[in-house]
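All ligand and atom numbering here is 1-based and tracks the order in the structure.
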Amino acid sequence: MSKPAILRPVAYKPPDMPAPKRKPAAAAPPAPAANTRASKLEKLGLRTDMDLVLHLPLRYEDETEIVAIRQAGMMGTSVAQVEGVVTACDIQYRPRRQLIVTIADDSGQLVMRFLNFYGSQTKQLAVGTRVRARGEIRHGFFGAEVVHPSYKVVLEGAPLPDVLTPVYPAGEGLSQIFLRKAIADAMHSIAWHDTLSPAQLAAQQLMPFESAVRLLHNPPPDVDEHALEDRSHPAWVRMKFDELLAQQLSLKRAQVARRAKNARALPVVGQLSAAFLATLPFTLTKAQQRVVAEISADLQASFPMQRLLQGDVGSGKTVVAALAAAQAIDSGYQAVLMAPTEILADQHFRKIAAWMEPLGVRVAWLTGSLKKKEKLAAQAMIESGEAQLVIGTHALIQDSVQFAKLGLVIVDEQHRFGVGQRLALRNKTVSENGGGDAVQNTAPVVPHQLMMSATPIPRTLAMTYYADLEISVIDELPPGRTPIVTRAVDQARRDEVIARVHAAVQDGRQAYWVCPLIEESEALQLQTATETYAMLAEALPDLRIGLVHGRLKQAEKQEVMDAFSAGACHVLVATTVIEVGVDVPNASLMVIEHAERFGLSQLHQLRGRVGRGSAASVCLLLYQSPLGYVAKQRLMTMRETTDGFEIARRDLEIRGPGEFLGARQSGQAMLRFADLATDQWLVDRARDLAQTLLQDPAPASQATVSAHLTRWLGGREDFLKV
Ligand code: ADP
Ligand code: MG
């Protein structure tokens with residue numbers, strides 16, 4: 001059998017061909033080429049042989065059949081493989097440089113169009129060459145055509161593969177052929193032991209590890225293609241179960257590890273909390289009281305609290321945070337509150353300082369925009385312990401900031417920070433071991449941590465994604481709020497919207513006008529904001545209009561925000577810098593332009609800027625028709641509900657968990673194979689087994705735990721930490 005010449009990008013290896021022998025371990029130092037390959041593999045997170053073996057196909061291509069060119073694309077399924085002989089091969093320059101190759105079989109001819117190509121391809125595809133091509137074939141005015149097919153040069157009669165061809169996730173510069181070979185090599189050298197015993201496999205009705213992996217890399221001819229595609233095949237189930245088991249094991253171990261760490265117990269001792277509550281102009285809602293009690297109990301333990309406080313926009317998280325800080329201060333420790341933007345940090349500072357300073361608490365303020373001298377003064381206060389409460393932005397994480405005795409770290413809008421940033425803040429205390437506290441062991445003392453978020457993550461999702469997190473929920477809004485009415489309005493009716501803004505201001509109210517999000521260009525976003533501002537200033541000459549965007553200097557931003565808070569400015573034109581936290585109760589109208597470009601949680605956050613006072617509030621979502629399906633779903637959701645948890649649930653439904661958590665979260669996709677939307681039943685089973693294994697002192701169980709964690713997480717267990 002002659003071996004077909006293999007060209008890029010996708011070719012196959014007959015399944016019965018033996019995998020090449022590995023070079024002995026003590027081979028000569030790797031050539032530079034191997035080095036770059038290794039670094040490309042590294043980019044995909046593939047370091048060890050086991051990593052490669054667990055690099056499973058994204059999908060499969062069916063190259064087992066060849067269709068006549070005339071038939072291709074005619075039967076509904078547009079992707080097809082054809083074979084023909086090259087009859088023409090030319091580079092054309094109009095409308096742009098491209099390689100046009102025509103192949104023909106007995107039934108007709110097909111034009112293959114390559115917009116990116118190498119000069120050498122004209123030689124590979126010289127007239128007379130036989131080619132197998134696969135792609136989305138269309139029959140247009142000029143006959144059958146395909147853009148950028150995958151192809152290979154073959155000899156006449158070259159055998160077709162009789163199994164599906166795996167397609168692997170590949171990085172730049174890594175070909176499928178290379179990956180396939182690297183994976184085949186790795187499969188030869190790994191130890192195939194099953195981390196689960198035959199009894200456990202039987203109990204969980206799981207396929208053995210080795211056969212599952214082999215099947216997924218080289219599916220046999222009679223495999224249920226559909227089950228493979230939708231990942232319901234038992235081989236996939238085994239992979240997902242293993243992955244989830246590793247996650248659950250590591251999660252439970254993190255919980256145990258946290259309880260072994262030291263924190264300063266912060267008992268309720270002084271009068272600060274009580275005095276604070278007595279001076280508040282309102283009483284806490286039941287939900288606030290409940291979460292305050294939960295946090296207070298955690299703070300009294302001598303191991304670190306790690307709690308996420310979820311509460312919808314406007315539910316009153318700030319006061320809860322302030323009460324937690326009061327408890328720390330009362331016990332003689334410092335508390336720090338970090339917010340993602342200067343506007344928000346400033347607002348917290350004003351509000352909390354107004355509450356606490358009259359009670360004798362020293363509050364310090366630290367952000368990037370402080371003058372050098374002010375910064376040094378703030379740092380000195382933090383380091384000496386004179387500042388009992390510190391409020392600021394990312395600037396708090398800088399190396400030069402050291403706390404004298406940090407007891408509690410509070411992170412607002414935690415989803416806007418990376419894991420690394422939150423950990424950095426937690427490690428900002430002068431490391432010592434408790435000094436007289438109830439220290440149980442020699443582990444270092446870490447502060448308690450409270451994270452807050454108004455972008456609720458459904459509980460099940462949070463529990464599976466974050467290693468070790470307690471969750472408190474404020475599920476009630478303070479009384480006296482009137483619900484926000486939300487309408488979607490076609491862009492074409494912008495004049496009516498402008499009239500609405502005018503009327504609201506006539507009524508003594510204020511309005512936000514949020515500019516379209518332009519993700520691809522900050523400059524363009526700025527330009528749009530300036531134009532919107534000019535447009536509104538012209539349309540509403542009798543109103544005072546302000547503009548705030550990310551490029552303004554902090555002092556300028558502050559000036560605009562102050563004017564708006566004081567009511568001196570009627571309409572605030574803003575980019576998404578006002579997305580979080582801004583609290584101006586007199587603002588009752590929110591206009592969001594090009595609402596179709598925003599994500600659900602962002603829309604919800606933006607809308608949360610109104611409905612903070614007692615006036616009936618309105619949110620107008622301006623959209624550009626026609627709307628796509630997802631955008632339509634989003635706007636509909638916004639119209640139907642103002643409940644952040646319901647919105648999060650639908651968001652999850654629309655987008656799926658991977659995207660839902662997004663890059664803003666920890667930045668690591670924790671689950672590659674399991675899908676929480678469909679595999680919850682497996683999560684439950686994995687959790688149970690993890691529990692059983694960890695509680696069983698028998699060496700066999702302990703060995704299972706460590707073998708399983710090594711196989712699935714390797715050195716990556718840290719990513720799961722919060
Ligand atoms: P968020 O949870 O979005 O951070 P805030 O803490 O900013 O909400 O609170 C929103 C507004 O509600 C603030 O003006 C705050 O002072 C007020 N507030 C908080 N709790 C109560 C309450 N129990 N009763 C009345 N108003 C409250
Ligand atoms: Mg807030």
Side-chain angles (χ1 to χ4, degrees), residues 273 276-295 307-326 337-356 358 389 391-393 410-417 450-457 471-484 510 512 561 564-567 576-588 590 601-615 617 619 642-645 647-648:
S273 309
F276 178 27
L277 279 175
T279 57
L280 269 182
F282 48 76
T283 46
L284 297 185
T285 61
K286 281 223 170 56
Q288 283 171 319
Q289 288 172 20
R290 189 187 63 238
V291 302
V292 165
E294 286 165 359
I295 293 166
R307 194 170 273 281
L308 175 65
L309 173 58
Q310 298 201 339
D312 211 342
V313 277
S315 62
K317 293 183 291 296
T318 314
V319 66
V320 173
L323 277 163
L337 169 58
M338 179 165 76
T341 65
E342 294 228 359
I343 291 182
L344 188 52
D346 176 73
Q347 194 173 288
H348 281 325
F349 176 69
R350 289 169 191 230
K351 186 168 255 176
I352 296 174
W355 283 333
M356 303 259 244
L389 176 57
I391 298 176
T393 57
I410 305 169
V411 180
D412 195 15
E413 305 294 343
Q414 63 90 22
H415 60 286
R416 307 269 298 228
F417 293 97
L450 176 65
M451 290 169 284
M452 306 199 285
S453 176
T455 303
I457 303 164
I471 295 177
S472 288
V473 179
I474 306 183
D475 51 5
E476 173 186 8
L477 291 180
R481 303 268 167 89
T482 38
I484 306 167
Q510 289 163 275
Y512 294 97
M561 292 309 297
F564 191 65
S565 298
T576 47
V577 294
I578 60 147
E579 183 188 340
V580 289
V582 176
D583 188 21
V584 179
N586 192 48
S588 67
M590 160 77 53
S601 71
Q602 221 173 1
L603 287 173
H604 179 62
Q605 286 271 357
L606 286 168
R607 179 171 61 181
R609 300 311 109 218
V610 294
R612 302 194 145 230
S614 51
S617 292
C619 175
T642 51
D643 175 347
F645 284 87
I647 288 176

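Glu294 has a carboxylate O that lies under 4.0 Å from a charged side-chain N of Arg307, or vice versa, which qualifies the two as a salt bridge. Under the 4.0 Å criterion applied to side-chain N and carboxylate O atoms, Arg290 and Asp475 are assigned as salt-bridge partners.
For the salt bridge (Lys or Arg N to Asp or Glu O under 4.0 Å) test, no residue two or more places apart in sequence or in another chain qualifies with Asp412. Not a single side-chain hydrogen bond (donor to acceptor under 3.5 Å, both in side chains) links Ser565 to another residue, sequence neighbours left out.
For ligand 1, none of its N or O atoms has an N or O atom of Gly311 under 3.5 Å away. Polar contact check, Trp355 against ligand 1: no nitrogen or oxygen pair lies under 3.5 Å apart. Checked against a 3.5 angstrom limit, the closest N/O atoms of Pro478 and ligand 1 fall outside it.
Here the side chains of Ile474 and Ser472 are not in contact, with every heavy-atom distance at 4.5 Å or above. Side chains of Leu309 and Ile410 form no contact here, defined as non-hydrogen atoms less than 4.5 Å apart. Residues Gln605 and Glu413 have side chains in contact (heavy-atom distance under 4.5 Å, counting atoms from C-beta outward).
Ligand 1 has at least one atom lying under 4.0 Å from a heavy atom of Asp312. Assignment of Ser315 to the shell around ligand 1 is supported, since a heavy atom sits closer than 4.0 Å. Within the 4.0 Å heavy-atom cutoff, Val320 does not count among the residues contacting ligand 1. For the pair Lys351 and ligand 1, a heavy-atom separation below 4.0 Å is found.
Of all atoms in ligand 1, numbered sequentially from 1 with element shown, those under 4.0 Å from a heavy atom of Arg612 are 3 (O), 7 (O), 10 (C). Listed by number with element, the atoms of ligand 1 under 4.0 angstrom from any heavy atom of Val313 are 3 (O). Close approach of ligand 1 to Thr285 is summarised as follows: ligand atoms under 4.0 Å from at least one heavy atom of the residue are 23 (N). Those atoms of ligand 1 with a heavy atom of Leu284 less than 4.0 angstrom away are 23 (N).
Aromatic ring pairs are classed by plane angle as parallel below 30°, tilted from 30° to 60° and perpendicular above 60°; the pair Phe276 and Trp355 is tilted.
By the criterion of a heavy-atom distance under 4.0 Å, both the backbone and the side chain of Thr318 are placed next to ligand 1. Residue contacts with ligand 1, taken as heavy atom pairs separated by less than 4.0 Å, involve Thr283 solely via the backbone atoms N, CA, C and O. If you look at Gln288 next to ligand 1, the close heavy atoms, those under 4.0 Å, all belong to the side chain.
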Between Thr318 and Leu337, is the side-chain contact (heavy atoms from CB on, under 4.5 Å) condition met? List the steps.
CA-CA 10 Å; Thr318 314; Leu337 169 58; 5.6 Å; no

